[in-house]
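Here the structure is laid out as structure tokens; the discussion comes afterwards.
Order of the sequence lines sets the chain letters (A, B, ...), proteins ahead of strands, with each chain counted from 1.
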There are 2 protein chains.
Amino acid sequence: MSYERNERYGSDEEMIGDMAEVFRVFGDRTRLLILMALSTKEECVGDLTEELGMTQSAVSHHLTILRQSRLVKTRREGKSIFYSLADDHVEDILNIGLEHINE
Amino acid sequence: MSYERNERYGSDEEMIGDMAEVFRVFGDRTRLLILMALSTKEECVGDLTEELGMTQSAVSHHLTILRQSRLVKTRREGKSIFYSLADDHVEDILNIGLEHINE
DNA sequence: TCAATATATGAACATTTAATCATATATTCA
DNA sequence: TGAATATATGATTAAATGTTCATATATTGA
């Protein structure tokens, strides 16, 4: 395997930086729990908060990070905001991480 | 997809924690560069150090982290220690991260 | 055995990160 | 409009992380 520069990136540095950032976002227990919860169904912030047993604020901060990394997308319905995985890549990454630790 | 408990793990908590830890290790620019360098060939610490343009100490600290996470393995040859990727999973994870940012 | 070379380790420091608390911003419904 | 509910945001703090510097531990060959 060789890691060639992609057209979308002006430099390798930039590409590596983005890659590291994505992995860093996955590298948190709470965010993994959120992503796994969302892998079966979309869910609103309140339900996620209850499920995770942490403060609403903490969950919301993590959701912001996940949103900024484009790993999740949102949909508003009345007062609630429903979160779901942005695309199939997210599950692929979760699965490969799972495979790795279960090797 | 559902994330069921694996036999190897006493609890989901433990499994999630391990997964987060693996991703966290990938979530660093320098470590990604090391892993990518090692994806084509084994390499000793000195060469990696030169290639990365950082101090030998910094590189060594990162290598320790990679070793502890079992992402790389080592082989001594005289005074040099050669590092290489531990298994195919490592490249799989790199590739999927690369795919994600190039989506 | 001693000097030279390659690598690892520990302590210190600066930066980043996650959690919390308080509060702001929607949205609904009476 | 105003109260209630759901979510987001900003400041603060404690803990984790990456780098550096100094030094320790192998290994080789003279």
What integer distance in Å separates [X]:[atom1] from [N]:[atom2]?
X: B:Glu50; N: C:dT5; atom1: CD; atom2: C1'; value: 15 Å
X: B:Ile34; N: C:dT7; atom1: CD1; atom2: C1'; value: 13 Å
X: B:Gln68; N: D:dA16; atom1: CD; atom2: P; value: 16 Å
X: A:Leu33; N: C:dA18; atom1: CG; atom2: P; value: 14 Å
X: A:Leu66; N: D:dT7; atom1: CG; atom2: P; value: 15 Å
X: B:Glu77; N: D:dA26; atom1: CD; atom2: C1'; value: 15 Å
X: A:His62; N: D:dT7; atom1: NE2; atom2: P; value: 17 Å
X: B:Ile65; N: D:dA16; atom1: CD1; atom2: P; value: 14 Å

Which nucleotide wins on minimum distance to the side chain of [X], given the candidates [options]?
X: B:Thr55; options: C:dT27, C:dA8, D:dT20; value: D:dT20
X: A:His61; options: D:dT20, C:dC21, C:dA18; value: C:dC21
X: A:Val45; options: D:dT7, D:dA26, C:dA19; value: D:dT7
X: B:Arg67; options: D:dG18, C:dA8, D:dA26; value: C:dA8
X: B:Thr64; options: C:dA18, C:dT9, D:dT20; value: C:dT9
X: B:Ser80; options: D:dT19, C:dT9, C:dT7; value: C:dT7
X: A:Ile81; options: D:dA8, D:dA26, D:dT19; value: D:dA8
X: A:Lys79; options: D:dT28, D:dT7, C:dT27; value: C:dT27

Handout entry: Which residue lies more 5' along DNA chain C, comparing B:Thr74 with A:Ala58 via nearest heavy atoms
Key = B:Thr74
Fill in the blank from the handout: Comparing nearest nucleotides in DNA chain C, the 5'-proximal residue of the pair B:Ser60, A:Gly78 is B:Ser60
Problem - Set of salt bridge (charged side-chain N to carboxylate O under 4.0 Å, His left out) partners for A:Glu21, sequence neighbours left out - result: none
Problem - Polar pair under 3.5 Å, donor/acceptor by atom type, side chain B:Ser57, base C:dT9 - result: yes
Problem - Any donor-acceptor N/O pair under 3.5 Å between C:dA8 base and B:Gln56 side chain - result: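 Such a pair is found, so the answer is yes.
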Practice task
Determine the contact category for B:Arg29: base if any of its heavy atoms lies under 4.0 Å from a base atom, sugar-phosphate if only primed atoms, P, OP1 or OP2 are that close, otherwise nothing.
Solution key: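 No contact.
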Practice task
Would you classify B:Tyr83 as touching base, sugar-phosphate or nothing, given that sugar-phosphate means primed atoms plus P, OP1 and OP2, and contacts are heavy atoms under 4.0 Å?
Solution key: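 Counting heavy atoms under 4.0 Å across all strands, the contact made by B:Tyr83 is with sugar-phosphate only.
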Practice task
Taking atom CD of A:Glu50 as the centre, report whether more than 12 heavy atoms of other residues, nucleotides or ligands fall under 6.0 Å from it.
Solution key: no
Problem - Distance test, side-chain N/O of A:Arg76 to OP1/OP2 of D:dA6, below 4.0 Å - result: no
Handout entry: Side-chain N or O of B:Arg24 closer than 4.0 Å to phosphate OP1/OP2 of D:dT17
Key =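 Answer is yes, contact under 4.0 Å.
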Handout entry: Criterion side chain to side chain donor-acceptor pair (under 3.5 Å) against A:Thr64, the qualifying member of A:His61, A:His62, A:Arg67
Key =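 Only one of A:His61, A:His62, A:Arg67 forms a side chain to side chain donor-acceptor pair (under 3.5 Å) with A:Thr64, namely A:Arg67.
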Does [X] use its side chain to pair, donor to acceptor, with the backbone of [Y] at less than 3.5 Å?
X: B:Arg31; Y: B:Val25; answer: yes
X: B:Ser60; Y: B:Ser57; answer: no
X: B:Asp47; Y: B:Glu43; answer: no

